[in-house]
Amino acid sequence: MATSVLSRQLSENGALIERHWQELNSRRRLYTTLGLSILALTLFASLWFANDSNAGKFVDRLPHFFDFVGDLMPRDAMEIGRALLDLPSPYDDGSFKYNYPEGRLYLTDGVYIPEYVHKMLETVNIAIFSTVLGVFFGFILCFLAASNLMPNPWIRGGVRRLMEVLRAFPEVVIAGFFLAILSLGPIPAIAAVSIHTIGALGKLFFEVVENADMKPEEGLRAVGANWIERVWFGIVPQVMPNFVSYFLLRLEINVRASTIIGAVGGGGIGELLRLSIGQGHQAKTLAIVLLLFATIFAVDQFSAWLRRRLVGDQAFELAQ
């Protein structure tokens, strides 16, 4: 009724536009309904296939989804702290489940580093070293891949294809390859995370470079500066804040990636987490999970603080 009244008030062209808009709106609703219907049908078919092919019957096991959480509850809450700090447990029966002091790393006769803290530091070291390597090589490659700085299509295309290959496979797949060659330990983890980081950061970096203001570069070109001088003095000062931000973001990602690689033999806290889950050691598992959360939170807060120090509070206030 309101539409017909509005149509009488519009001119002939206005009524035509109104009808066209109504047609487009009806078509959009139709496409939205069809899309949601196809999505719902696909989801139902996927769940049906999963339930039919799963040995434990997917749908039948859904009510037991949170049983694993209940199985993780230790005998008392203090066991988590004892496991985290390698303190003796009153429930020690000689089994691996309560052998917390066995993992201590003694610095002197009376001073030690708890096992999980030591392994967490190893994981963070893997992440930091891998990220630094990734930033170093990504920084070099990004300027060769940027279309506004590298006119040669063969060099630009070759560098871009190289970075695509480096980031094509997940870190855990690359780590599996290096573990087969270099054996277990942190070195394969560093190699795997570094390779993926070079490809990922290189892409992010050259996209930032391509959006940089080229006027400083043109001015340096006019006074006879070479390519390296134009990049270093004309482009780098503009893109460095974004580079640092991506570096800190990638550091957070690599802490998690190093943990996952540790679970397949790459050293660090990941292997201990896998063992504690597989052996049903509740207090050890929760201690490692809490330590992971605390570490990632600390890295995130440090990243935010460092970004504010480098960019300034004014940039954050303007963004808000």
Side-chain angles (χ1 to χ4, degrees), residues 68 72 74 77-89 91-92 94-134 170-176 178-180 182-197 248 250-303:
F68 177 71
L72 280 178
M78 296 302 296
E79 280 295 284
I80 302 174
R82 297 186 189 107
L84 182 60
L85 301 176
D86 289 350
L87 301 176
S89 172
Y91 309 108
D92 189 5
S95 66
F96 288 114
K97 189 172 184 178
Y98 300 105
N99 65 340
Y100 309 144
E102 293 294 326
R104 294 175 176 178
L105 177 67
Y106 282 93
L107 302 178
T108 64
D109 291 338
V111 179
Y112 69 90
I113 299 176
E115 180 182 18
Y116 296 157
V117 175
H118 170 243
K119 289 297 183 179
M120 191 71 246
L121 289 175
E122 183 178 326
T123 296
V124 172
N125 282 335
I126 292 172
I128 292 175
F129 191 68
S130 301
T131 308
V132 170
L133 285 178
E171 296 94 331
V172 68
V173 175
I174 304 174
F178 282 105
L179 285 168
L182 303 174
S183 186
L184 304 179
I187 299 300
I190 292 174
V193 178
S194 298
I195 287 173
H196 194 275
T197 302
L248 295 172
R250 192 67 201 185
L251 177 60
E252 299 172 24
I253 296 172
N254 285 348
V255 171
R256 290 183 283 270
S258 301
T259 303
I260 296 172
I261 292 175
V264 297
I269 197 73
E271 183 176 4
L272 296 180
L273 178 60
R274 177 181 62 84
L275 290 174
S276 64
I277 292 176
Q279 295 169 352
H281 297 170
Q282 301 96 330
K284 290 183 176 182
T285 301
L286 289 177
I288 295 173
V289 169
L290 290 175
L291 184 59
L292 278 170
F293 276 129
T295 302
I296 292 173
F297 177 79
V299 171
D300 179 69
Q301 293 301 309
F302 172 75
S303 300

### Query
Counting N and O atoms only, with roles assigned by atom type, does the side chain of Thr123 sit under 3.5 Å from a partner on the main chain of Thr259, one being a donor and the other an acceptor?
no
### Query
If every non-hydrogen atom of Ile190 is compared with every non-hydrogen atom of Ser194, which pair is closest and at what distance?
O-OG, 2.6 Å
### Query
In Å and rounded to the nearest 0.5 Å, what is the CZ to CG distance from Phe302 to Leu248?
7.0 Å
### Considering all heavy atoms, the nearest Asp86-Pro114 contact
OD2-CA, 3.2 Å
### Task
Quick one: closest heavy-atom pair of Ile126 and Pro186, and the distance?
CD1-CB, 3.7 Å
### Task
Ignoring hydrogens and angles, state whether a donor on the side chain of Ser130 or Asn254 is under 3.5 Å from an acceptor on the partner side chain.
no
### Task
Please report the closest heavy-atom contact between Arg104 and Leu87, naming both atoms and the distance.
NH2-CA, 4.1 Å
### Query
What pairs with Leu290 under side-chain contact (heavy atoms from CB on, under 4.5 Å), at least two apart in sequence or on another chain?
Ile80
### Query
How far does CD1 of Ile261 sit from CG of Leu179, to the nearest 0.5 angstrom?
8.5 Å
### Message
Show, in sequence, the C-alpha distance, side-chain angles and deciding distance for Ile195 and Phe178, and conclude whether the side-chain contact (heavy atoms from CB on, under 4.5 Å) test is met.
### Response
CA-CA 11 Å; Ile195 287 173; Phe178 282 105; 3.5 Å; yes
### Query
What salt bridge (Lys or Arg N to Asp or Glu O under 4.0 Å) pairs are there with at least one residue in residues 112-131, not counting sequence neighbours?
Lys119-Glu122
### Message
If you apply the rule side-chain contact (heavy atoms from CB on, under 4.5 Å), what do you find for Thr197 with Leu133, and how did you get there?
### Response
CA-CA 8 Å; Thr197 302; Leu133 285 178; over 6 Å; no
### Message
Please determine whether the number of non-hydrogen atoms from other residues, nucleotides or ligands lying under 6.0 Å from atom OH of Tyr91 exceeds 12.
### Response
yes
### Query
Can Tyr116 and Ile269 be said to form a side-chain contact (heavy atoms from CB on, under 4.5 Å), step by step?
CA-CA 7 Å; Tyr116 296 157; Ile269 197 73; 4.1 Å; yes
### Message
Give me each pair satisfying ring-ring contact (aromatic ring centres under 6.0 Å, His included) with a member in residues 271-298, each pair once, sequence neighbours excluded.
### Response
none
### Query
Around atom OH of Tyr112, are there more than 12 heavy atoms of other residues, nucleotides or ligands at under 6.0 Å?
yes
### Query
CD1/Ile260 to CZ/Arg274 distance, rounded to the nearest 0.5 angstrom?
14.0 Å
### Message
For Val255 versus Met120, what's the shortest heavy-atom pair and its separation?
### Response
CG1-CE, 4.4 Å
## Note on the structure
Arg82 meets the salt bridge (charged side-chain N to carboxylate O under 4.0 Å, His left out) criterion, sequence neighbours left out, with Asp76, Glu79
### Message
Once rounded to the nearest 0.5 Å, what's the spacing between atom CG of Leu251 and atom OG of Ser258?
### Response
9.0 Å
### Query
Which residue pairs satisfy the side-chain hydrogen bond (donor to acceptor under 3.5 Å, both in side chains) criterion with at least one member in residues 283-299, sequence neighbours excluded?
Asn99-Lys284, Ser276-Thr285
### Query
Going by the salt bridge (Lys or Arg N to Asp or Glu O under 4.0 Å) test, which pairs reach into residues 256-272, not counting sequence neighbours?
none
### Task
Could you please spell out the steps behind the side-chain contact (heavy atoms from CB on, under 4.5 Å) verdict for Val289 and Leu273?
CA-CA 8 Å; Val289 169; Leu273 178 60; 4.2 Å; yes
### Task
Say whether, by atom type as modelled, one donor and one acceptor occur between the side chain of Asn125 and the main chain of Leu121 under 3.5 angstrom.
yes
